[in-house]
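Shown next, in structure tokens, is the structure this report addresses.
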Amino acid sequence: MVEYLQTGGEEPAVTLDAFLEQSNATAVRLEPDEDARALIPFLDRLALIEVAFPKFRDGRGYSSARILREAGYTGELRAQGDVLVDQIAYMKRCGFDSFAPEKPLNPDDVEAALTRWPAHYQGAADGAVPIWKLRHG
Amino acid sequence: MYKYDEYDHAMVAARVAEFSDQVKRRLAGEITEDQFKPLRLMNGLYLQLHAYMLRVAVPYGTLDSRQMRMLAHIARKYDRDYGHFTTRQNIQYNWIKLEDAPAILEDLASVEMHAIQTSGNCIRNISSDQWAGAAADEITDPRPWAELLRQWSSFHPEFSYLPRKFKIAVIAANEDRAAMRLHDIGIQIVEKDGEHGAAFYVGGGMGRTPMIAPLIKDFVPLGDMLSYAEACLRVYNRYGRRDNIYKARIKILIHELGADEYRRQVEEEFAHVKSLGIDPPKAEFDRIAEQFAPPALDASAPDAIDRSDPDFAVWVDQNVAAHKVPGHAIVNISLKPIGGIPGDASSAQIDLMADLAEKYSHDELRVTHAQNIVLPHVRKADLYAVWQALDGAGLATPNLDLISDIIACPGLDYCSLANARSIPVAQKIATRFSDLGRQKELGELKLKISGCINACGHHHAGHIGILGVDRKGTENYQLLLGGSGAEDVSLGTITGPGFDEDGVVDAIERVTDKYLAERSEGERFVDTFRRVGMAPFKEAIYG
Ligand code: HEM
Ligand code: SF4
């Protein structure tokens with residue numbers, strides 16, 4: 001699971017405003033107060049969407065991620081910022097597939113967090129089969 | 001009652017393991033208190049004035065005797081031999097050590113209980129009608145709907161870092177015993193064309209800006225309920241205010257947008273969410289509903305009650321309610337002995353109530369938002385035996401819904417946010433009005449006390465409400481009149497300048513005297529207040 005941990009280094013993500021204006025960029029960064037749906041017309045040419053978490057308590061990025069996945073985005077979806085090991089399992093369920101935490105995470109803790117849950121009550125953006133479906137086949 | 005299957009067990013076990021690990025890392029100093037706080041809160045652990053407080057979830061207020069005994073065991077082993085039943089139908093322990101928390105959670109898990117999402121900015125324990133499955137006036141048992149919501153909201157990945165806490169209540173009767181419209185989402189199960197569906201009221205709440213939830217959708221079919229709830233929450237998660245903790249509840253968002261605009265956004269989101277397939281099939285609802293099948297009650301059981309013991313008869317008249325099955329009754333156990341601490345019960349009392357449930361109430365108990373306990377399915381022929389046992393344990397105070405059946409938050413005796421003490425005020429009022437004849441003369445009178453503006457004691461919804469405030473460093477109490485958390489929901493109005501502890505008790509006496517002088521035939525206090533308005537009461541209080 002360590003491949004989830006990103007160190008950066010590829011094409012820098014541009015801001016949403018810059019992206020909407022010029023737009024041949026393939027990587028964009030979304031702040032918590034920006035509308036993920038503004039990106040929907042461009043999803044097929046984006047390779048990376050970086051969702052900012054300036055504070056771990058600010059949960060808007062979870063909705064942004066799901067909205068992007070629900071709209072069919074298949075590129076990299078990265079949670080960047082105040083990303084803590086205790087949040088990443090939920091983030092993954094919302095569709096994030098990479099994490100760029102400001103403070104490095106212990107890979108063993110990451111592994112433990114991502115494998116802890118035996119199942120999930122509700123459907124989300126990770127394709128996991130919800131418990132009600134397991135119950136009823 | 002709902003029984004866990006292998007999945008439910010596995011989920012709670014995983015959570016206990018996760019939290020044990022988090023506590024370990026906290027005790028080892030690997031995570032800071034700031035990082036630990038949201039994690040412990042999602043597991044019901046608050047840091048209070050003197051110690052940690054643990055809040056245990058009692059989903060929709062329903063318990064069996066084994067679970068009730070575990071609550072007694074925890075009080076005995078890890079606390080000071082008592083627990084505090086709360087307005088959210090949960091139980092709180094006030095003297096918990098952080099190191100003990102994982103062991104307590106393991107004990108709870110062994111009886112299918114937990115403290116998951118009893119605090120924190122997530123979807124909290126779902127509350128409901130304490131008479132569910134027994135009430136003569138319900139159209140169906142609301143608890144299967146509540147259980148569906150409980151599972152959907154447990155460990156919800158998108159809604160665990162909401163702007164603020166989120167409380168949902170579900171009822172299925174016209175009489176509202178759960179303060180449904182004072183919740184972030186209040187759901188009433190209603191019938192349309194022979195089918196049951198959920199009416200969604202969204203944006204109610206108490207706290208410093210109390211609001212009554214407007215109707216957002218009059219009928220959501222069962223098969224859409226979770227999608228609709230998801231849409232309501234997503235709009236809130238994205239647009240609820242995060243700049244000011246006091247404006248972060250959904251009620252503020254809906255107030256600022258207007259109910260119509262909020263509804264429009266929810267409908268738009270719902271049209272999208274509905275395509276995701278997150279609603280379970282009817283078979284899942286049926287699986288849950290089966291477990292809430294009514295107990296086998298003998299409808300030919302004798303209906304007569306031997307009232308020859310006058311003390312017993314008084315209790316029957318006040319604390320026993322009609323059951324939907326003839327020959328049976330709903331027993332309401334008051335946790336409000338005169339001069340006691342509202343909602344507190346000792347381990348021995350909790351055990352005794354568990355025994356009575358096992359013997360006389362088909363193994364079921366309920367916790368009420370008024371901080372009392374209910375035995376929902378008791379044969380009328382057994383009422384006398386139940387009363388005798390309760391009476392022997394100090395649990396037979398015949399004051400349900402009377403002025404001494406007071407809701408009070410922990411206040412300054414425990415709570416780090418408090419401005420004033422709640423418990424001593426409750427004790428003084430109950431003592432002043434201890435004469436039962438006088439209480440009965442006053443009739444239904446819901447008195448509710450909060451030790452600060454957060455309103456944990458529902459003071460806005462009290463026929464008489466008391467709010468503790470801090471006035472230049474001394475405890476001061478404001479008086480509110482005319483609130484209600486029932487189907488006639490309303491918010492109380494402040495009478496005027498506040499009082500000290502004894503002054504507020506005197507003021508209440510002047511208010512009740514005025515009521516007795518003004519009332520017309522059959523009027524409750526709140527009815528009289530609504531008819532005559534504040535002025536005569538103000539005059540009576542301040543002269
Ligand atoms: C002792 C520790 C407690 C603390 C620190 C605490 C904290 C709070 C805070 C900060 C609020 C306001 C939230 C807001 O307006 O956004 C609140 C509201 C509330 N609390 Fe507590 N509380 C405590 C105990 C209790 C207890 C014992 C009960 C039940 C008896 C309770 C039930 C409630 C209820 C019903 C509300 C109102 C919900 C609403 O605003 O809609 N709390 N609490
Ligand atoms: S109302 Fe205030 S004093 Fe009372 S429990 Fe809530 S936060 Fe504490």
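In the text below, chain A, chain B and the rest are named by the order of the sequence lines, each starting its count at 1. Values below: every heavy atom of this structure, side chains too, minus hydrogens, waters and symmetry copies.
Across all their heavy atoms, B/Pro157 and A/Tyr62 have their closest contact at O-CD2, 3.3 Å. Contact detail for A/Leu134 and B/Tyr7: the closest heavy-atom pair is CB-OH, 3.4 Å. Closest non-hydrogen pair, A/Ser63 versus B/Glu158, comes out as OG-OE2, 2.6 Å. B/Tyr161 and A/Asp86 make their closest contact through OH-O, 4.3 Å (heavy atoms, listed as atom of the first residue, atom of the second, distance). The two residues B/Arg15 and A/Tyr90 have their closest heavy-atom pair at NH1-OH, 3.8 Å. Residues A/Trp117 and B/Glu18 share a closest heavy-atom pair of CZ2-OE1, 3.6 Å.
A donor-acceptor pair under 3.5 Å is formed between the side chain of A/Gln122 and the backbone N or O of B/Trp152. At distances below 3.5 Å, not a single donor-acceptor pair connects side-chain atoms of A/Asp58 with backbone N or O atoms of B/Arg242.
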Pair A/Arg66-B/Val273, side chain to side chain contact (heavy atoms under 4.5 Å, CB included): steps then yes or no: CA-CA 11 Å; A/Arg66 276 192 71 179; B/Val273 170; over 6 Å; no

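For a residue to count as touching a neighbouring chain, one of its non-hydrogen atoms must lie under 4.5 Å from one of that chain's; by this rule B/Glu230 touches chain A with the side chain only. Only the side chain of B/Leu39 comes within contact range of chain A, with heavy atoms under 4.5 Å apart.
Using a 4.5 Å cut-off on side-chain heavy atoms (C-beta onward), A/Arg116 and B/Asp21 make contact. A/Arg57 places a side-chain heavy atom less than 4.5 Å from the side chain of B/Asp34.
For B/Glu290, the CD atom sits in a loose shell: 12 or fewer heavy atoms of surrounding residues, nucleotides or ligands are nearer than 6.0 Å. Other residues, nucleotides and ligands place more than 12 heavy atoms under 6.0 Å from the NZ atom of B/Lys3. Within a 6.0 Å sphere centred on OH of B/Tyr4, other residues, nucleotides and ligands contribute more than 12 heavy atoms. For B/Lys274, the NZ atom sits in a packed shell: over 12 heavy atoms of surrounding residues, nucleotides or ligands are nearer than 6.0 Å.
In this structure, CG in B/Asp279 is found 8.0 Å from CH2 in A/Trp132, a value given to the nearest 0.5 Å. Annotation: the span from A/Arg93 atom CZ to B/Ser160 atom OG amounts to 10.5 Å, rounded to 0.5 Å. With rounding to the nearest 0.5 angstrom, the CD1 atom of A/Ile67 is 6.5 Å from the NE2 atom of B/His272. Taken to the nearest 0.5 Å, the CG atom of B/Asp5 stands 7.5 Å off from the CD1 atom of A/Ile131. The line from CG of B/Asp8 to OH of A/Tyr121 is 3.5 Å long, rounded to the nearest 0.5 Å. In this structure, A/Arg37 CZ and B/Glu269 CD are separated by 4.0 Å, a value rounded to the nearest 0.5 Å.
Taking the charged nitrogens against the carboxylate oxygens, B/Arg238 and A/Asp35 do have a contact shorter than 4.0 Å, which makes a salt bridge.
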